[in-house]
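Working notes, beginning with the structure itself.
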Amino acid sequence: MGTLLSYSIASGIIMTVLYLVFRLFMSGERQASLNRVVIGGIYVVSLTFPAFYSLSASWLSRYYGATLPAGGITAGLYPVLSGATTDAASPLWLRVVLWIYLAGIILTLLYFIASIVMLIRMVSRREKREMGFYRLILVDDRKISPFSWIRYIVMSRDDYDKSGREILIHEETHLRKLHFLDIIFAELIASLQWFNPTAWLMMDELKTIHEYEADEAVINSGTDLRSYQLLLIKKAVGARLPSSANSLNQSKIKKRIAMMYKSRPTSARRLRALALLPALAVGFLTVDSPAVASVLSETSETTLLLSYNGKVTKNSVNPETSVNQASSKKTVGAVEKVASFPGGMQKMMEFLMINVKYPKDAEKQQLQGKVVVKFIVTKDGSLKDVTIVKGVAESLDNEAIRVVKAMPKWIPAETGGKKVDSEYWLPIDFRLK
């Protein structure tokens, strides 16, 4: 769940930056088809870009370290409690955030499902007319606003008798262009990113674009512009329908009428869509910034429940109390000042860049993955008990152990002004270019 939230935050950042540029340069133009494609592109890029960015490994390495040249190896460093996975050391508030995030997803999905169920009930058990590729449903309720969904068009008998032609052209356009698929996709993304206002704004923008396309089709059919505008104003007071359907009165009438009077943009103005490219770079740099990367890294390593990969023994100590300074048989707890590589993280990265060698047999067999090494930094700074917590292959595991054992003495951890033993986990991510 932590990885999902990190992914949602990263994609939300990129989505927000791209959408702001879209609103600035493209939203007000009479180019509904192009804008629909651009909105879809923003969705695709914002959702896929973080995945290509290697969320679980790359953000962690960018926050804690740097990329190494040996086959694309990355490394990170963080302290943990002995016998516990890294998520066990995550703060309580972050776990609470994850639970809130999960609750938000569940509630928004339930609302989405409820709207689908409502639409199914509205189109079922009613008399239908086969009209080629869709079915027409006429109801006696005059208050209901015409709408379309999947392969159904629903309207009152009164609307059908008075303005049936215009309404059918409008709703047929929704069905032919498969607008309902856009809405379902946008609803699911909004459920995943319910905390992100941009996700809801983009869904509203997409529905408005749908109405622009349908209005354009009605106008191009030869319908009198003013009479159609009066129809829209008249139906604006109709009953609201579930957001999953395309309704004649669902989007902003004033904006739609104003759009009808605008002229089409020139080819030069359409090129303003290229402004999205530098916006994507800004989004990437934002996600890649140390402050954001650190939050994403910590969040991705957090789980909903506290979990341990080891057993609690009588020799274990409470993390809230002092650390164990005796033998390595006892658990090493929290410290006030963590141990560090001499010269800091940058020097450790330089050491790894020089000393880590991608095993030839692993490279030949295309072996790659993250090896997590656990070790104790003793009171005198030497390293002991170097073991593999998570291995990939024997050759990669052995290389990770070799490099750790070759490290110089560290600056030991301190608690209460005294040097103490402390435990560290070092993930080394072996990646072939």
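In what follows, every heavy atom counts, from backbone to side chain, and hydrogens, waters and symmetry copies are set aside.
- Atom NZ of Lys255 is surrounded by more than 12 heavy atoms from other residues, nucleotides or ligands within 6.0 Å.
- Between the Asp141 side chain and the Ser156 main chain, no donor and acceptor come within less than 3.5 Å of each other.
- A parallel orientation is assigned to the rings of Trp149 and Tyr152, their planes being inclined by less than 30° (bins at 30° and 60°).
- With values rounded to the nearest 0.5 angstrom, Leu285 atom CG is found 9.5 Å from Leu280 atom CG.
- Of the inter-residue distances, the one linking Leu109 atom CG with Glu187 atom CD reads 10.0 Å to the nearest 0.5 angstrom.
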Margin query: Before you tell me yes or no, could you show the steps for His174 and Ile183 under side chain to side chain contact (heavy atoms under 4.5 Å, CB included), namely the whole-Å CA-CA distance, both residues' side-chain angles and the distance that decides it to 0.1 Å?
Written below: CA-CA 11 Å; His174 286 311; Ile183 295 178; over 6 Å; no

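- Note that CZ of Arg269 is 4.0 Å distant from CD of Glu29, once rounded to the nearest 0.5 Å.
- Expressed to the nearest 0.5 Å, how far CD1 of Ile184 lies from CD1 of Ile116 amounts to 5.0 Å.
- Counting heavy atoms from C-beta outward, Phe185 and Leu206 have side chains that stay 4.5 Å or more apart.
- Side chain of Glu414 to backbone of Lys337: no donor-acceptor contact under 3.5 angstrom is found.
- The structure places CZ of Phe25 at 9.0 Å from CG of Leu276, a figure rounded to the nearest 0.5 Å.
- In this structure, Glu216 pairs ionically with Arg30, as a charged nitrogen and a carboxylate oxygen lie closer than 4.0 Å.
- When the options Lys128, Glu172, Arg151 are evaluated for a side chain to side chain donor-acceptor pair (under 3.5 Å) with Tyr134, the one that passes is Glu172.
- The aromatic rings of Phe195 and Tyr101 lie perpendicular to each other, with more than 60° between the two planes, well past the 30° mark.
- For the pair Ser163 (side chain) and Asp159 (backbone), a donor-acceptor distance under 3.5 Å is absent.
- Between the Lys177 side chain and the His210 main chain, no donor and acceptor come within less than 3.5 Å of each other.
- Asn35 places a side-chain N or O within 3.5 Å of a backbone atom of Met26 that can act as its donor or acceptor partner.
- Here CZ of Arg157 is found 15.0 Å from NZ of Lys162. Values are rounded to the nearest 0.5 Å.
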Margin query: What verdict does the side-chain hydrogen bond (donor to acceptor under 3.5 Å, both in side chains) test give for Thr173 and Glu213, after you've listed the backbone C-alpha separation in whole Å, the side-chain angles of each residue and the deciding distance to 0.1 Å?
Written below: CA-CA 8 Å; Thr173 303; Glu213 287 190 310; over 6 Å; no

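- Across all non-hydrogen atoms, the minimal contact from Asp397 to Gly391 is OD1-CA, 3.3 Å.
- Under the 30°/60° scheme for interplanar angles, the aromatic rings of Phe375 and Tyr424 are found to lie parallel.
- Judged by distance alone, with hydrogens and angles left aside, the side-chain atoms of Lys390 form a donor-acceptor pair with the main-chain N or O of Lys370 at under 3.5 Å.
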